[in-house]
Amino acid sequence: MQSELRKQLLDAFTNAGESYLSGQYLAELIGCSRTAVWKHMEELRKEGFELEAVRKKGYRIIKTTEKVTADEIMLGLTTSFIGRNIHYEESVESTQKIAHRLASQGVPEGTVVIADEQKSGKGRMNRNWHSPKYTGIWMSLILKPNIPLTKAPQLTLLTAVAVVQGIEEITGLIPEIKWPNDILIAGKKVTGILTELQAEADQIHSIIIGIGINVNQKQEDFPLELQEKASSLFIETGKTISRAELIRCIFMHFEKLYTLYLEKGFMPIKLLWEGYAVSIGKIIKARTLTDVIEGEALGITDEGVLKIEDQSGFVHQVYSADIEL
Ligand code: BTN
């Protein structure tokens with residue numbers, strides 16, 4: 001995790017925008033020596049940041065790295081608790097695994113584990129999640145809401161809305177949500193969300209929300225079996241997208257929605273979610289681990305569970321499934 005001093009330094013540059021900050025000013029602001037400031041600036045430079053140091057004016061960060069390190073994300077981050085604590089690793093098996101460990105060690109709510117590559121990324125229904133190096137966003141967010149277990153699916157839907165809003169703001173694309181948590185652009189999947197719980201009886205300890213976003217992959221970067229179904233923001237826009245900027249934007253939307261959710265409940269989130277949902281009102285096929293249910297998707301319950309009316313008029317409540325439209 002980053003030191004508090006490093007966070008304060010990056011916050012100062014965030015607030016300064018294009019302006020220069022002198023070593024003296026930074027040292028006083030943060031309450032450390034000018035040598036300590038210089039040491040941190042040197043570390044940022046080694047990490048890949050391009051700095052400008054002008055005599056009598058001070059420092060300015062002119063170009064950031066292309067990795068998604070904690071420092072890279074923190075520069076420009078304006079949230080108050082989502083993503084304020086970042087655990088970054090270049091390559092991991094799965095960010096979910098690390099997030100589970102950190103959650104049981106009692107890290108603060110809003111802590112995020114981010115990697116530039118996952119060797120065994122985990123998808124829903126025991127599938128793998130293809131997570132090649134430097135191209136996507138592979139992250140797990142740790143939440144500790146005081147809600148009963150039955151309401152946990154609501155947070156998956158809330159996450160999908162936050163990611164859609166982030167993608168919309170950064171790329172101008174209008175994504176759609178396929179229940180519960182696939183985010184599609186032009187019918188192809190660009191994002192998957194995997195929600196896992198640490199709970200005891202009906203009490204939630206932590207919710208670990210894994211988010212995988214295909215950002216800068218080219219068509220040929222996807223394995224053949226995925227090329228038909230998956231896409232990336234680069235493929236859809238023709239532009240390379242800054243992953244750090246998208247992450248910051250998603251954190252911001254997430255924090256707003258989550259705060260609203262804790263204050264006002266699921267209703268306002270449900271409305272937003274429905275506005276992006278593609279499956280509602282359509283005849284769909286839902287494959288659960290044990291069953292296939294075919295019928296009209298009526299909508300979601302106030303808990304976030306999908307309602308499907310089959311031919312006999314029976315309404316099924318589906319908690320987890322793959323949907324075919
Ligand atoms: C899905 O199957 O649609 C869900 C995919 C979730 C992938 C993300 S990537 C970050 C986090 N770490 C993992 O191992 N999986 C999730």
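Counting starts at 1 for both ligands and their atoms, in listed order.
Here the rule is side chain to side chain contact (heavy atoms under 4.5 Å, CB included) with Ile213, and of Ile193, Ile247, Ile241, Ile137 only Ile137 fits it.
In the vicinity of Gln96, heavy-atom distances shorter than 4.0 Å reach the ligand 1 atoms 11 (C), 12 (N), 13 (C), 14 (O), 15 (N). Proximity to Gly121 (heavy-atom distance under 4.0 Å) selects the following atoms of ligand 1: 14 (O). Using a 4.0 Å cut-off to heavy atoms of Thr95, the atoms of ligand 1 that qualify are 10 (C), 11 (C), 12 (N).
Lys229 places no side-chain N or O within donor-acceptor distance of the main-chain N or O of Gly187, the cut-off being under 3.5 Å. No donor-acceptor pair under 3.5 Å is formed between the side chain of Gln118 and the backbone N or O of Ser131. Between the side chain of Asn15 and the backbone N or O of Asp11 there is at least one donor-acceptor pair closer than 3.5 Å.
Shown here is Phe81, whose CZ atom has more than 12 heavy atoms of other residues, nucleotides or ligands within 6.0 Å.
Counting heavy atoms under 4.0 Å from ligand 1, residue Ser140 touches it through the side chain alone.
Of the protein's heavy atoms, Trp129 CE3, 3.4 Å lies nearest to atom 5 (C) of ligand 1. The closest protein non-hydrogen atom to atom 9 (S) of ligand 1 is Gln118 NE2, 3.3 Å. Protein heavy atom at the shortest distance from atom 3 (O) of ligand 1 is Lys189 NZ, 2.7 Å.
For Glu109 and Lys144, the salt-bridge test fails: no basic side-chain N is under 4.0 Å from an acidic carboxylate O.
Residue-to-ligand polar distances keep Ser120 apart from ligand 1: every N/O pair is separated by 3.5 Å or more.
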